[in-house]
Amino acid sequence: MTFWPREHFKKFFLQRRSFQKRVSKAFSNFYSSIDSCQTFASFCSEVHGREVPQFNLVNKEQWETFLCEADKIFFNEGDYLLDLGCGLGYLTEEISARYNIQGFGMDFSTTAVELANRRSSLIFEERDVQNLKDKFCDRQFKLITSFDGLYGSNWKETLKALLSVLSPGGKIMIFQSTVLKNRDDKIPLLEDFEMVTSKAWDFTESERAFYEHSKGVLEKMKRQFEKEGSHKAFSIKEKECDKGLFWHQKGLAKRNFVTFERKLIG
Ligand SMILES: C[S@@+](CC[C@H](N)C(=O)[O-])C[C@H]1O[C@@H](n2cnc3c(N)ncnc32)[C@H](O)[C@@H]1O
């Protein structure tokens, strides 16, 4: 066990709190600006290839890969889904309905959780995924997902906590984009972990194409966004694309889909 002097612990805790506050506020801003925005719904349908409002980088190819892997899980009645960084929870609802399992969503954006709970009959909780440890003693999940919903997590700690609540035969399935410091750096999500077998897909090129396509669609819909008074949503998405393409040009962007299963002993 690592021993942290009191002042280090306090500093880490305060930094984490300020990170969480800043990021969750930014997301809440975004969600307020797209709530019931028709143009954003049309934008999603063009870039994700499906009529589901979402705020991630999952295109049709990535979504189909996800479904192909999730379809292999043997679900029973009474199984649970946990969606980490669920945002407005549309994907949580869709997956929960597809496999007929009870869905839970977790997000540190107050607005996301409020809007999701207002719309859906599933349960959405405001919580930082970083603080998962010991929170679920009473529940096990057959499927744990995250669609670009894990920011600033200590990945090793988070994975350990998730494994402790994964039902036998269950899977953890994560989409994540990373900006590397150096081209040859190893992505934390792709490290070898004891106790798990993992499978990984590299969607870096697919992400670059997604940004390019999104930029074109945004340009085409700019007037429509403005007409609906949703300039803020437009500008957040535009900045996201520019930033993303910048890191791709530098060769430092990586996108992965990774699944984890508990390692069978013996
Ligand atoms: C890019 S959005 C994706 C939302 C949703 N998964 C979707 O596909 O539409 C990222 C979401 O993850 C949430 N998030 C990021 N890091 C988180 C963390 N450590 N704990 C809880 N929520 C987090 C943000 O508040 C945001 O709503």
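Atoms within each ligand, like the ligands themselves, are counted from 1 in listed order.
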At under 4.0 Å between heavy atoms, which part of [X] makes contact with ligand 1: side chain, backbone, both or neither?
| X | result |
| --- | --- |
| L91 | side chain |
| S24 | neither |
| F27 | side chain |

Original post:
Looking at S28, S24, S32, which one forms a side chain to side chain donor-acceptor pair (under 3.5 Å) with S109?
Top reply: S28
Which of the ligand 1 atoms, numbered from 1, are nearer than 4.0 Å to a heavy atom of [X]:
| X | result |
| --- | --- |
| D148 | 1 (C), 2 (S), 3 (C), 10 (C) |
| Y31 | 2 (S), 4 (C), 11 (C), 26 (C), 27 (O) |
| R127 | 20 (N), 21 (C) |
| S109 | 25 (O) |
| G85 | 3 (C), 4 (C), 5 (C), 6 (N), 11 (C), 12 (O), 13 (C), 22 (N) |
| Q54 | 9 (O) |

[options]: member with heavy atom nearest to [atom]:
| atom | options | result |
| --- | --- | --- |
| atom 16 (N) of ligand 1 | F147, Y151, Y90 | Y151 |
| atom 12 (O) of ligand 1 | G149, G89, G105, S177 | G149 |
| atom 19 (N) of ligand 1 | L150, D128, T158 | D128 |

Give yes if a backbone or side-chain nitrogen or oxygen of [X] is under 3.5 Å from a nitrogen or oxygen of ligand 1, and no if not.
| X | value |
| --- | --- |
| L84 | no |
| F55 | yes |
| D107 | yes |

**OP:** Output all residues satisfying side chain to side chain donor-acceptor pair (under 3.5 Å) with K237, sequence neighbours left out; order by chain, then residue number.
**Re:** E240
Original post:
Quick one: side chain to side chain donor-acceptor pair (under 3.5 Å) partners of T145, sequence neighbours excluded?
Top reply: D83
**OP:** Would you check whether C86 reaches within less than 4.0 Å of ligand 1, judged by its heavy atoms?
**Re:** yes
**OP:** Check for a donor-acceptor pair, side chain of T65 on one end and backbone N or O of E61 on the other, with a separation under 3.5 Å.
**Re:** yes
**OP:** Verify the distance criterion only: is there a donor paired with an acceptor across the side chains of E261 and T197 at less than 3.5 Å?
**Re:** no
**OP:** Report yes or no: do Q130 and D128 form a side-chain donor-acceptor pair below 3.5 Å?
**Re:** no
Subject >> K72, NZ: over 12 other non-hydrogen atoms inside 6.0 angstrom >> reply: yes
Subject >> R119 to Y90 six-membered ring, cation-pi geometry met (6.0 Å, 45°) >> reply: yes
Original post:
Is a salt bridge present between E219 and K215, judged by a nitrogen-to-oxygen distance below 4.0 Å?
Top reply: no
Original post:
Should R208 and E205 count as an ion pair when the cut-off is N to O under 4.0 Å?
Top reply: yes
